[in-house]
Amino acid sequence: MTQKDDPIIPLYRESFPDFARLVHRMGGTLEQAKDCFHDALLIYLEREKAGKLEIRSSPKAYLLGTARICWLRTLKNEPTIPLPEGLETPDQTDSNEEEREITLLKSLQKSGRKCLELLKAFYYDHCSMKDIAERFGFNGNRSATVQKYKCLEKVREEIKTMESYAK
């Protein structure tokens with residue numbers, strides 16, 4: 001089958017701009033929109049191949065709905081505290097905020113050097129997942145995305161552990 005004959009390409013071209021606009025309106029980036037949309041596209045193709053695709057309205061609506069769910073899960077899993085480049089002095093911030101920053105920094109350090117570098121590349125250097133995959137030797141964008149997610153989970157677990165000890 002040639003690229004012209006592939007029915008997924010017109011669906012992609014018709015659906016992605018709408019989804020990218022939605023993500024942009026919600027404060028996301030084009031890279032985030034691509035990541036979520038590609039995840040949704042993979043889900044669509046896997047379900048179609050397995051014969052488990054249940055479309056009730058249209059393929060575009062199904063794909064957009066799946067992408068929207070992926071995006072909302074991404075928002076839910078994103079850290080609520082921005083990754084700081086350095087601590088502010090105590091007179092610039094209240095003590096609760098300072099404690100949260102210290103907890104975050106310690107959690108980032110405990111997550112490991114590779115995770116710290118990967119998260120820095122994504123959040124501070126604004127590298128694309130393709131660039132991150134190349135820089136860190138991952139097989140592709142999806143592998144880099146999964147590794148970024150695992151790193152965020154490590155940091156979250158460290159924060160939970162540190163907060164439970166503090167109580």
Atom [atom1] in [X], atom [atom2] in [Y]: separation rounded to 0.5 Å?
X	Y	atom1	atom2	result
Ile43	Leu63	CD1	CG	9.5 Å
Thr29	Asp35	OG1	CG	7.5 Å
Lys52	Glu54	NZ	CD	10.5 Å
Lys150	Glu157	NZ	CD	14.0 Å
Asn141	Glu134	CG	CD	8.5 Å
His38	Met129	NE2	CE	12.5 Å

Closest approach of [X] and [Y], non-hydrogen atoms and distance?
X	Y	answer
Ala20	Ala33	CA-CB, 4.0 Å
Ala133	Gly140	CB-O, 3.5 Å
Leu11	Pro59	CD1-C, 3.9 Å
Ala40	Cys70	N-SG, 4.3 Å

With sequence neighbours excluded, what pairs up with Tyr44 under the ring pair (Phe, Tyr, Trp, His ring centres under 6.0 Å) test?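 By the ring pair (Phe, Tyr, Trp, His ring centres under 6.0 Å) rule, Tyr44 matches Tyr62.
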Cationic N near anionic O, under 4.0 Å, [X] to [Y]:
X	Y	result
Glu117	Arg113	yes
Asp18	Lys60	yes
Lys160	Glu158	no

By disulfide (SG to SG under 2.5 Å), which residues pair with Cys115, not counting sequence neighbours?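 Residues passing disulfide (SG to SG under 2.5 Å) with Cys115: Cys151.
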Arg68 and side chain to side chain contact (heavy atoms under 4.5 Å, CB included): which partner among Leu64, Thr66, Leu72?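 Only one option passes, and that is Leu72.
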Below 30° counts as parallel, above 60° as perpendicular, anything between as tilted: where do the rings of Phe16 and Phe19 land?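 Phe16 vs Phe19 ring planes: tilted.
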In terms of the angle between their ring planes, are Tyr12 and Phe37 parallel, tilted or perpendicular, with boundaries placed at 30° and 60°?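 Ring orientation, 0 to 90° scale: perpendicular.
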Non-hydrogen side-chain atoms of [X] and [Y] separated by less than 4.5 Å:
X	Y	result
Val155	Leu119	yes
His24	Leu30	no
Val146	Ser143	no
Phe136	Gln147	no
Arg13	Ile9	yes
Arg135	Asp125	yes

Stepwise side-chain contact (heavy atoms from CB on, under 4.5 Å) check, Leu118 with Phe138: CA-CA 11 Å; Leu118 190 150; Phe138 298 123; 3.6 Å; yes
The test is side-chain contact (heavy atoms from CB on, under 4.5 Å); show your working for Met26 and Leu22 and say whether it passes. CA-CA 6 Å; Met26 295 177 80; Leu22 170 77; 4.0 Å; yes
Is Ile8 reachable from Ile55 through a run of I, L, V, M, F, W or Y residues, each pair having side-chain heavy atoms under 4.5 Å apart?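 Ile55 and Ile8: one cluster.
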